[in-house]
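In what follows, a structure is listed as structure tokens, so that the remarks can point back to it.
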Amino acid sequence: MVVTFRKTVRDLVFSNRQLAKLYYSVSFSQPVLPHWVGADYYRTKSSWELQPHLCPCDIELNEYLQKYSIQDQSIFHFGTGSHHIVGLENQKLEKPNEIFAITASIPEHEEYISLCRKNRQLAKFYKVICTDIYTLTARSLPMLDVASLFHLGEFYMPEEAPFVHHDDASLVDLFLSKLNPHGKILFYTKSVGWGKAEEVIKLFTAQGKIKKIEEYKNLLVYSKHD
Ligand SMILES: C[S@@+](CC[C@H](N)C(=O)[O-])C[C@H]1O[C@@H](n2cnc3c(N)ncnc32)[C@H](O)[C@@H]1O
């Protein structure tokens, strides 16, 4: 009975995904979430342009870095978009930060490569890898002064569990383990995954692992509770 129910749900998800893919291919639009189309289609087709009215988090991160003159630090950035505004603005600083950023989207990564070919200074301080953030481990990450986890809760897919190391909660644990003393971890309250992210933040706060330092527009800034 339970097996039949699970199979029915899987078949329904599969047929809805086929419909969603058809919709995206005829409308020439990009999928926003992998859950609608499956991870592979999402990685191949998604590409997010800068849309400050919908998603101002990267602009607010740049403002935040500027407000506190954060330069010459080690930064991780979750979700580059095709615009790569975090890397491009960083390059203009007197002492640029060393940014390690991630995208799951092949077109966004292709845009990074294309930008780096035209703008030879970009990669010097802004490295982008194209992979699933949930595959990262303590050995694949440097020590960090700032980590933006803006899209926590948006993209974790239980069906991908055999291929990754983390879920949303253990991902935060991972980044806390890589945070330098006085390091900051930033969350974004207007994320579509905010409901899930907030649960993790509340749990970690209750467990005494993190404490809130401040808010900046739609960003929440936390530090590690030592
Ligand atoms: C909605 S876009 C936002 C991009 C950018 N932060 C902005 O606000 O303009 C989400 C970003 O997260 C990235 N992303 C989605 N799932 C991911 C995953 N599992 N691992 C790493 N990056 C992922 C996408 O490739 C994309 O760059």
Side-chain angles (χ1 to χ4, degrees), residues 17 20 24 29-65 75-90 97 99-116 122 126-137 140-141 144 146-172 174-175 178 185-197 200 216-220:
R17 281 186 180 168
Y24 285 112
S29 57
Q30 276 99 25
V32 175
L33 287 173
H35 310 74
W36 301 343
V37 288
D40 188 61
Y41 189 92
Y42 175 79
R43 284 173 196 149
T44 322
K45 303 286 183 196
S46 73
S47 187
W48 184 268
E49 288 172 15
L50 191 61
Q51 301 177 69
H53 57 293
L54 275 182
C55 192
C57 56
D58 287 14
I59 288 174
E60 292 180 6
L61 173 63
N62 283 340
E63 290 172 3
Y64 184 80
L65 297 176
I75 297 180
F76 180 88
H77 181 49
F78 178 6
T80 63
S82 61
H83 46 79
H84 296 282
I85 190 91
V86 173
L88 288 166
E89 287 302 307
N90 180 59
N97 296 294
I99 299 180
F100 182 47
I102 196 163
T103 174
S105 147
I106 294 167
E108 290 180 10
H109 196 255
E110 284 172 346
E111 186 58 29
Y112 168 68
I113 291 167
S114 160
L115 283 170
C116 287
L122 182 62
Y126 179 62
K127 279 93 179 162
V128 177
I129 59 165
C130 183
T131 190
D132 187 337
I133 193 168
Y134 299 99
T135 63
L136 295 178
T137 65
S140 51
L141 278 173
L144 298 162
V146 176
S148 81
L149 293 187
F150 296 157
H151 304 295
L152 186 75
E154 284 182 37
F155 299 115
Y156 178 71
M157 295 168 77
E159 71 197 59
E160 292 288 301
F163 311 110
V164 299
H165 294 289
H166 294 287
D167 57 20
D168 286 308
S170 67
L171 190 72
V172 177
L174 169 67
F175 278 92
K178 301 305 295 191
I185 190 156
L186 276 66
F187 303 100
Y188 171 50
T189 60
K190 290 287 182 293
S191 149
V192 295
W194 175 241
K196 287 182 193 159
V200 176
Y216 178 79
K217 294 189 178 175
N218 297 296
L219 309 184
L220 297 185

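Counting starts at 1 for both ligands and their atoms, following the listed order. All of these numbers come straight from a predicted model, not from anything done at the bench. Side chains are part of it too, since the values below use all heavy atoms of this structure and drop only hydrogens, waters and symmetry mates.
With hydrogens and angles left out, the side-chain atoms of Glu154 and Ser191 include a donor and acceptor closer than 3.5 Å.
Under the 4.0 angstrom criterion for non-hydrogen atoms, Tyr42 is in contact with ligand 1. Remark: distances from the non-hydrogen atoms of Arg43 to ligand 1 are all 4.0 Å or more.
Smallest separation of non-hydrogen atoms from Tyr134 and Gly153: OH-N, 4.2 Å.
Contacts between Ala104 and ligand 1 below 4.0 angstrom, taking non-hydrogen atoms only, involve backbone and side chain alike. Using a 4.0 Å cut-off between heavy atoms, Thr131 contacts ligand 1 through its backbone alone, with no side-chain atom that close. At a 4.0 Å heavy-atom cut-off, ligand 1 does not touch Gln51 at all. For Phe150, no heavy-atom contact with ligand 1 is shorter than 4.0 Å.
In this structure, CD1 in Ile75 is found 8.5 Å from OG in Ser148, a value given to the nearest 0.5 Å.
Residue nearest to atom 25 (O) of ligand 1, selected from Thr103, Val32, Leu171: Thr103 (by heavy-atom distance). Closest to atom 12 (O) of ligand 1 by heavy atom, among Ser47, Gly79, Ser191, Cys130, is Gly79.
Classified by interplanar angle (parallel below 30°, tilted 30° to 60°, perpendicular above 60°), the ring pair His84/Tyr112 is tilted. In this pair, Phe76 and Phe100 present their aromatic rings perpendicular. The plane angle is above 60°, beyond the 30 to 60° band. The aromatic rings of Tyr42 and Phe155 sit tilted, their planes meeting at an angle between 30° and 60°.
Ligand 1 has an N or O atom lying under 3.5 Å from an N or O atom of Trp48, backbone or side chain.
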